[in-house]
Amino acid sequence: MTIQRPRGTRDFLPEDAWTRSTARKIMQGVLERWGYQEVSTPTFEHLELFTLKSGPSVIEEIYSFKDKGGRDLALRPELTAPVMRMYVNELQNVAKPLRLYYFGNCFRYERPQRGRFREFWQLGAEIIGGNKPDSEAEAIALVDQVLRNINISGEIHVGYLGIIRTILARIAPEHRPQVMRMIDKKERENLEAYLNEIGADGLGLRELINLKGKDALDKAFSIVEDLGAAEAPAPCVVSPGGAEPSHVTASPSSSERGRTARAGREVAAELGLDEFRQTIELLDSYGVNYTVDFEIVRGLEYYSGTVFEIYAHGLGAQRQICGGGTYELCRLFGGAETSSTGFGLGFDRIMEVIQLDAKRKAPAVLVYTPDVKKAAVRIAKDLRERIPLVIDVMGRGFGAQMKNAANLRAEYVILVGKNELDSGNLTLRDMKSGTQESLPLEEIAKRLAEKYSCA
RNA sequence: GCCGGGAUAGGGUAGUGGUUAUCCUGAGAGACUGUGGAUCUCUCGAGCUGGGUUCGAAUCCCGGUCCCGGCCCCA
């Protein structure tokens, strides 16, 4: 019996690995052109980093362990928390905004299924300390561009949490997590029944989450105007999984507590709905195709403004390939509060649907007669300064080397034997056409370098 | 954690309780020490695992592992 891979992990064979790294390079190219700098953090962190962000219930889904010094550690289940930890630890004093991106493997203890593994890769970006609408539009436009560059089309759904938080404030705190969960899970009937049961229908919540597409924003304004007529208690915070948050995030409007009966426009301003409108308008300027969708809530308390998700077609049950939004995490990790906008892309799900035009080019092959092996090795070493090239290490004869070169799908073969060494020119063979030319080494290197540069 | 379907050479597969477990592909050697993916010959290589039923199990039954699809969850 051979040793198997651990459950939920994968091997990437050469072809897969090439596709993955090619796609990653294309995506990183876009991020670099938008001025984002790559960062990288440890594969494991203190468990507390993740429970602080997502609540103690995440321990169930995390690979955690005690090390030999008795420390509680965890393989990272995501990368936003580590990156923000790094920011708080080491980058708080650099000029804002800070544009960072990351690519790395993450680990979750979950039941594997399509598009879900125990070791998976995330690529994401964070823009720290920017002006909210501008940052939000940039983040969404950026991820849109990243996906375009690898020929992935997805539906971008953009939502906004300000209004929902305000409506939730009119519901008793013990009911809030459940309501939020039902919205997130799109359980409409359950939600309706539950709202009736707790006497919270008529707050405009159902109307709000049904708003989709072009007119959604205007209609949201009118719902907010209706809200303005009623008393507006303090906005609330919802904790994940019903856990009690020990780290309540300050809401922008908490100082407004107690004020009553305001005009709708004022409420809208206070909720940042005008800011959301700016975000939307900037998205139009960027030329992004999106749908306004107030049903996107991303059930987590640290999201504070615009939130968005992207869904790909042809992926089965796990079709979300991107999630992001504006959040407040710095204070939670012991830093000065700074709002950030970011997104994470599920790299593996993207790899399930990606179609790349390019294919890996096979290296050139240097075929030699066994009597000139030592000279052939020196020539190969020179050529490798410029082009990918392999040489026989099996002790094969000339004919067998040719056969092997053909099997490798090599497009070019360089022939070296006594004739070549005597004449000072090498023979370059084009394997497709079968034509051969006698050329100096330098000329061959130059020609092939061109062929391989546009790979 | 739950439901359903699977697992046979490196990859893809056939077989139905009973001889030496099929076929394709792959890999290595040779025919062939200066010219190709062909051909021929030879070689390598397999019933996930542990129990049970049976004279006999790759085949039937049970447990486990892993894979696939879905549920739960999804930072």
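Basis for what follows: all heavy atoms, side chains included, without hydrogens, waters or symmetry-related copies. Chain identifiers are assigned alphabetically (A, B, ...) following the order of the sequence lines, protein sequences preceding nucleic acid strands; residue numbering begins at 1 within each chain.
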* Show your reasoning for whether side chain to side chain contact (heavy atoms under 4.5 Å, CB included) applies to Val292(A) and Tyr160(A). => CA-CA 9 Å; Val292(A) 172; Tyr160(A) 180 71; over 6 Å; no

* Structure fact -> Picking from U35(B), C74(B), A75(B), the nucleotide nearest the side-chain atoms of Leu415(A) would be U35(B)

* Got a donor-acceptor contact below 3.5 angstrom from the Arg76(A) side chain to the Asn105(A) backbone? -> yes

* Report the distance from atom CZ of Arg118(A) to atom P of C66(B), rounded to the nearest whole Å. => 7 Å

* **Any Lys185(A) side-chain N or O less than 4.0 Å from OP1/OP2 of C73(B)** => yes

* Grab the CZ-C1' distance between Arg181(A) and C74(B) for me, whole Å please. => 12 Å

* Asked: Is the number of heavy atoms from other residues, nucleotides or ligands under 6.0 Å of Gln37(A) CD greater than 12?
  -> no

* Between Met180(A) and Arg165(A), is any pair of side-chain heavy atoms under 4.5 Å apart? -> yes

* **G10(B) to C48(B) separation - P atoms, rounded to the nearest Å** => 12 Å

* **Spacing of Met402(A) atom CE relative to C32(B) atom P, expressed in whole Å** => 18 Å

* Glu420(A) near the nucleic acid: base, sugar-phosphate alone, or nothing, with a heavy-atom cut-off under 4.0 Å? -> base

* Asked: Hey, is the side chain of Glu110(A) pairing donor to acceptor with the base of G1(B) inside 3.5 Å?
  -> no

* Asked: Any donor and acceptor pair, going by atom type alone, linking the side chain of Arg176(A) with main-chain N or O of Leu168(A) inside 3.5 Å?
  -> yes

* In whole angstroms, how far is the P atom of C67(B) from the CZ atom of Arg111(A)? -> 8 Å

* To do: Let me know, please, whether Gly417(A) or Tyr109(A) comes out on the 5' side of the other along RNA chain B by nearest nucleotide.
  => Tyr109(A)

* Structure fact -> Winner on side-chain proximity to Phe117(A), out of A75(B), C68(B), G36(B), is C68(B)

* **Flag, side chain of Glu126(A) to backbone of Ile128(A), donor-acceptor distance under 3.5 Å** => no

* To do: Would you indicate what Asn419(A) reaches in the nucleic acid, counting non-hydrogen atoms under 4.0 angstrom: base, sugar-phosphate, or nothing?
  => base

* **Separation between the P atoms of G30(B) and G36(B), rounded to whole Å** => 16 Å

* Asked: Which whole number of Å gives the distance between the C1' atom of G47(B) and that of A9(B)?
  -> 10 Å

* Asked: Does any N or O in the side chain of Glu61(A) come within less than 3.5 Å of the main-chain N or O of Val58(A), such that one atom is a donor and the other an acceptor?
  -> no

* To do: Check whether any side-chain N or O of Arg7(A) sits under 4.0 Å from OP1 or OP2 of C67(B), and answer yes or no.
  => yes

* To do: Would you mind reading off the distance between Gln122(A) atom CD and C74(B) atom P, rounded to a whole angstrom?
  => 15 Å

* Asked: Reading RNA chain B 5' to 3', what string of ( ), [ ], | and . shows its pairs, if Watson-Crick and G-U wobble pairs count only when both distances fall under 3.5 Å?
  -> (((((((..(((.....[....)))((((((.......))))))...(((((..]....))))))))))))....

* Structure fact -> note: Leu408(A), atom CG; U35(B), atom P; distance rounded to Å ~ 19 Å

* If you look at every strand shown and take non-hydrogen atoms under 4.0 Å, does Glu60(A) touch a base, only sugar-phosphate, or nothing? -> nothing

* Asked: Atom CZ of Arg5(A) and atom C1' of A7(B): how far apart are they, to the nearest Å?
  -> 13 Å

* Write down the distance separating the C1' atoms in G45(B) and A27(B), rounded off to the nearest Å. => 9 Å

* Provide the distance between the two C1' atoms, one in U59(B) and one in U8(B), to the nearest whole Å. => 11 Å

* Got a donor-acceptor pair under 3.5 Å from the side chain of Arg429(A) to the base of U35(B)? -> yes

* Asked: Between the side-chain atoms of Arg396(A) and the base atoms of G28(B), is any donor-acceptor pair under 3.5 Å?
  -> no

* Any side-chain donor paired with an acceptor under 3.5 Å for Thr369(A) and Asp371(A)? -> yes

* Structure fact -> Expected label for G47(B) (glycosidic angle, syn inside 90° of 0, else anti) would be syn

* Base of C73(B) paired with side chain of Arg116(A) (donor-acceptor, under 3.5 Å) -> yes

* Please determine, by modelled atom types, if Thr427(A) and Gln436(A) share a side-chain donor-acceptor pair under 3.5 angstrom. => no

* Asked: Under 3.5 Å, is there an N or O donor on one side and an acceptor on the other linking the side chain of Gln436(A) and the base of U35(B)?
  -> yes

* To the nearest angstrom, how far is Asn425(A) atom CG from G34(B) atom P? -> 20 Å

* To do: Give Pro370(A) one of three labels, base, sugar-phosphate or nothing, depending on what nucleic acid heavy atoms sit under 4.0 Å from its own.
  => nothing

